[in-house]
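A quick write-up on the structure given underneath.
Being a predicted model, the structure only gives us computed values, none of them experimental. Below, all heavy atoms of this structure are taken into account, side chains as well, without hydrogens, waters or symmetry copies.
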Amino acid sequence: MKIILLSLDNEIGFQRRSLINYEYELFYGYHKLEDIPEDFIKKMHKMYNIKEKLFRAKVCHFYSYYMMLKKIVNEKLDNVIICEDDAILKESLPDKFNTEEILILNCELHEPTNWEKNTKQYFKDNILPLINNFKEGINKIEYDKFRWSCTACMYYPKFQNCIELINKIDNAKKITTFDLWLSKNKLIKNLIFPSVFKIQDNGVSQIQNSSGTIDNYKIIK
C-alpha cells in the first residue's frame with residue numbers, strides 16, 4: 001500500500017513530518033495563488049467578507065488535492081492512501097482495505113444540515129451515540145444523520161476512483177473546501193471504524209481553525 005503525504009515546504013510542514021510514523025511519498029502542496037489556473041480560482045466560492053489569506057489557503061489546498069488525484073491517475077496507482085501531514089498511524093496497515101470505493105480513515109462528524117446547530121451538546125446527544133454504534137470495519141455514511149469534515153486520511157482503492165472525482169471537479173461550477181465539497185455532494189460513501197489514523201495538528205491549522213486531536217471521528221481533549 002502506497003501513502004502520498006500532502007505537506008507544505010515550510011517550518012510547520014517540516015515539524016509535522018518529523019512526527020510521521022510511516023513511509024510515504026512526499027507531495028508539496030501549492031501555497032501561491034499565482035500558481036493556480038485562473039479558471040480553477042474562479043470556481044472557489046468566495047464570501048464577501050473572507051480574508052484573502054483564508055481564500056488563498058482554501059484554493060491552494062483544493063488544487064493540491066486535484067493535482068494529487070491527477071498524479072494517481074497518470075501513474076495508474078491502485079491501493080493508495082492520501083494523508084495530510086497531521087495524520088498519525090495508530091496501528092500497522094493491512095495490505096489493502098476490502099472495498100472498491102473511496103474510504104475515509106478518520107475525520108470529524110457534525111450535525112447534518114445546519115452549522116448553527118453543530119454544538120457540543122448536539123454532538124453529545126446525537127452524533128456520539130452513532131459513533132458508539134458503528135460496527136467494526138466499513139460503515140456506510142448516513143448523510144441524513146451526520147456530515148463530515150477533514151480529508152487528512154483517505155483511501156483510494158483504484159485510480160478509476162480518482163478519474164470520477166476529477167470529472168466531478170472539472171464539471172463543477174462552484175467549489176468550497178475540498179472536504180466540505182465532497183461531503184455536501186455525498187461523493188464519499190463509507191468510513192472505517194475504528195479509525196486507522198488519528199489527526200493531531202498540535203493546535204496549528206494551515207487553513208482555518210485548529211481542531212486539536214481527532215480520533216475515532218470525534219475530537220479528543
Side-chain angles (χ1 to χ4, degrees), residues 1-6 21-22 24 61-62 65 68-69 72 77-115 117-118 120 122-162 164-165 168-169 176-201 205 207 211-220:
M1 185 178 299
K2 184 183 187 70
I3 298 179
I4 301 174
L5 186 77
L6 174 61
N21 59 348
Y22 46 85
Y24 59 84
H61 182 263
F62 200 128
Y65 267 96
M68 283 190 291
L69 295 174
I72 291 173
L77 301 175
D78 294 333
N79 202 28
V80 175
I81 297 174
I82 293 180
C83 282
E84 296 181 19
D85 57 13
D86 55 355
I88 304 298
L89 187 63
K90 294 165 60 176
E91 298 180 4
S92 60
L93 287 169
D95 292 333
K96 63 184 300 185
F97 295 100
N98 187 27
T99 181
E100 294 189 355
E101 296 185 277
I102 299 170
L103 182 65
I104 295 176
L105 305 180
N106 195 16
C107 68
E108 184 181 356
L109 304 188
H110 306 274
E111 196 280 337
T113 61
N114 190 325
W115 289 111
K117 297 179 181 179
N118 192 51
K120 292 180 180 179
Y122 183 92
F123 184 91
K124 180 180 178 181
D125 293 342
N126 298 276
I127 304 297
L128 189 56
L130 293 174
I131 296 173
N132 291 337
N133 284 319
F134 282 157
K135 66 180 182 181
E136 184 173 345
I138 295 174
N139 291 259
K140 181 180 178 181
I141 297 175
E142 299 182 81
Y143 281 99
D144 59 328
K145 296 181 179 179
F146 61 85
R147 76 180 99 179
W148 59 273
S149 66
C150 188
T151 51
C153 40
M154 296 179 66
Y155 174 65
Y156 300 82
K158 296 186 176 297
F159 73 86
Q160 288 90 346
N161 304 126
C162 300
E164 293 176 11
L165 283 188
K168 294 281 187 182
I169 296 168
T176 180
T177 55
F178 187 56
D179 56 347
L180 299 187
W181 181 78
L182 290 173
S183 183
K184 179 180 179 180
N185 290 285
K186 304 177 181 179
L187 297 177
I188 310 300
K189 307 301 182 185
N190 300 299
L191 56 80
I192 195 166
F193 186 84
S195 65
V196 179
F197 294 82
K198 62 180 178 179
I199 302 163
Q200 53 183 40
D201 60 20
S205 171
I207 299 181
S211 294
T213 298
I214 303 172
D215 192 11
N216 287 336
Y217 305 95
K218 57 183 180 289
I219 294 176
I220 306 297

Query raised in the report: CD1 of Ile3 to CG of Asn79: how many Å apart, nearest 0.5 Å?
Result: 10.0 Å
**Report entry** Straight-line distance of Leu105 CG to Met154 CE, nearest 0.5 Å
**Finding:** 8.0 Å
Query - Parallel, tilted or perpendicular, as decided by the 30° and 60° cut-offs, for the rings of Phe134 and Phe146 - result: perpendicular
Query - Interatomic spacing from CG in Leu165 to CG in Leu69 - rounded to 0.5 Å - result: 5.5 Å
**Report entry** Tyr217 and Ile127: CA distance, side-chain angles, deciding distance, side chain to side chain contact (heavy atoms under 4.5 Å, CB included) verdict
**Finding:** CA-CA 10 Å; Tyr217 305 95; Ile127 304 297; over 6 Å; no
Report task. Taking side-chain hydrogen bond (donor to acceptor under 3.5 Å, both in side chains) as the test, write out the residues that go with Lys145, two or more places apart. Result -> Glu142
Query raised in the report: Below 4.5 Å, heavy atoms only, C-beta onward: do Ser149 and Leu180 meet side chain to side chain?
Result: yes
Query raised in the report: Taking C-beta and beyond as the side chain, do Leu130 and Leu109 meet within less than 4.5 Å on heavy atoms?
Result: no
Query raised in the report: With no hydrogens and no angle check, is any side-chain donor or acceptor of Asp86 less than 3.5 Å from a backbone partner on Ala152?
Result: no
Query raised in the report: Heavy-atom distance under 4.5 Å between the side chains of Asn185 and Lys168, does that happen here?
Result: no
Query - Close side-chain approach of Tyr156 and Leu77, heavy atoms under 4.5 Å - result: no
**Report entry** Nearest atoms (heavy-atom pairs only) where Leu6 meets Tyr65
**Finding:** CD2-CE1, 3.7 Å
Query raised in the report: Would one find more than 12 heavy atoms of other residues, nucleotides or ligands at under 6.0 Å from atom CD of Gln160?
Result: yes
**Report entry** Qualifying residues under side-chain hydrogen bond (donor to acceptor under 3.5 Å, both in side chains), relative to Thr113, sequence neighbours excluded
**Finding:** Glu111
Query raised in the report: What do you reckon, is CG of Asn114 surrounded by more than 12 foreign heavy atoms closer than 6.0 Å?
Result: yes
Query raised in the report: Side chains of His110 and Trp115: closer than 4.5 Å at any heavy-atom pair?
Result: yes
Query raised in the report: Just how far is it from atom CD1 of Ile138 to atom CG of Leu103, taken to the nearest 0.5 Å?
Result: 5.0 Å
**Report entry** Residues in salt bridge (charged side-chain N to carboxylate O under 4.0 Å, His left out) contact with Lys124, at least two apart in sequence or another chain
**Finding:** none
**Report entry** Contacts of Asp125 that satisfy side-chain hydrogen bond (donor to acceptor under 3.5 Å, both in side chains) - sequence neighbours left out
**Finding:** Gln121
**Report entry** Student check: side-chain heavy atoms of Ile102 and Leu182 closer than 4.5 Å
**Finding:** no
Report task. Measure the acute angle between the ring planes of Tyr22 and Tyr24, then classify it against the limits of 30° and 60° as parallel, tilted or perpendicular. Result -> perpendicular
Could you go through residues 186-199 and list every donor-acceptor pair under 3.5 Å that involves a side-chain atom there, pairing it with any protein atom two or more places apart or in another chain?
residue, atom, partner, partner atom, Å
Lys189, NZ, Lys186, O, 2.8
Asn190, ND2, Glu101, OE1, 3.3
Ser195, OG, Lys90, NZ, 3.1
Ser195, OG, Phe197, O, 3.1
Ser195, OG, Asp215, OD1, 3.1
Ser195, OG, Asn216, N, 3.0
Ser195, OG, Asn216, OD1, 3.1

Report task. Measure across Leu93 and Met1 and return the closest heavy-atom pair with its distance rounded to 0.1 Å. Result -> CD1-SD, 4.1 Å
Query - Pairwise distance CD1(Ile131) to CG(Asn126) - rounded to 0.5 angstrom - result: 11.5 Å
Requested in this report: Scan for ring-ring contact (aromatic ring centres under 6.0 Å, His included) pairs involving residues 84-108, sequence neighbours excluded, and state none if there are none.
Outcome: Phe97-Tyr155
**Report entry** Residues forming a side-chain contact (heavy atoms from CB on, under 4.5 Å) with Asn21, sequence neighbours excluded
**Finding:** Ile88, Leu89
Query raised in the report: Which heavy-atom pair separates Leu128 from Lys218 by the least distance, and what is that distance?
Result: CD1-CD, 3.7 Å
Query raised in the report: With a 4.5 Å limit on heavy-atom distance, are the side chains of Asp201 and Glu84 in contact?
Result: no
Query raised in the report: Hey, does Glu108 have a side-chain heavy atom less than 4.5 Å from the side chain of Phe123?
Result: no
Report summary line: CG of Asp78 to SG of Cys162, rounded to nearest 0.5 Å, is 9.0 Å
Report summary line: Sorted by chain and number, sequence neighbours left out, side-chain hydrogen bond (donor to acceptor under 3.5 Å, both in side chains) with Asp179 holds for Thr177
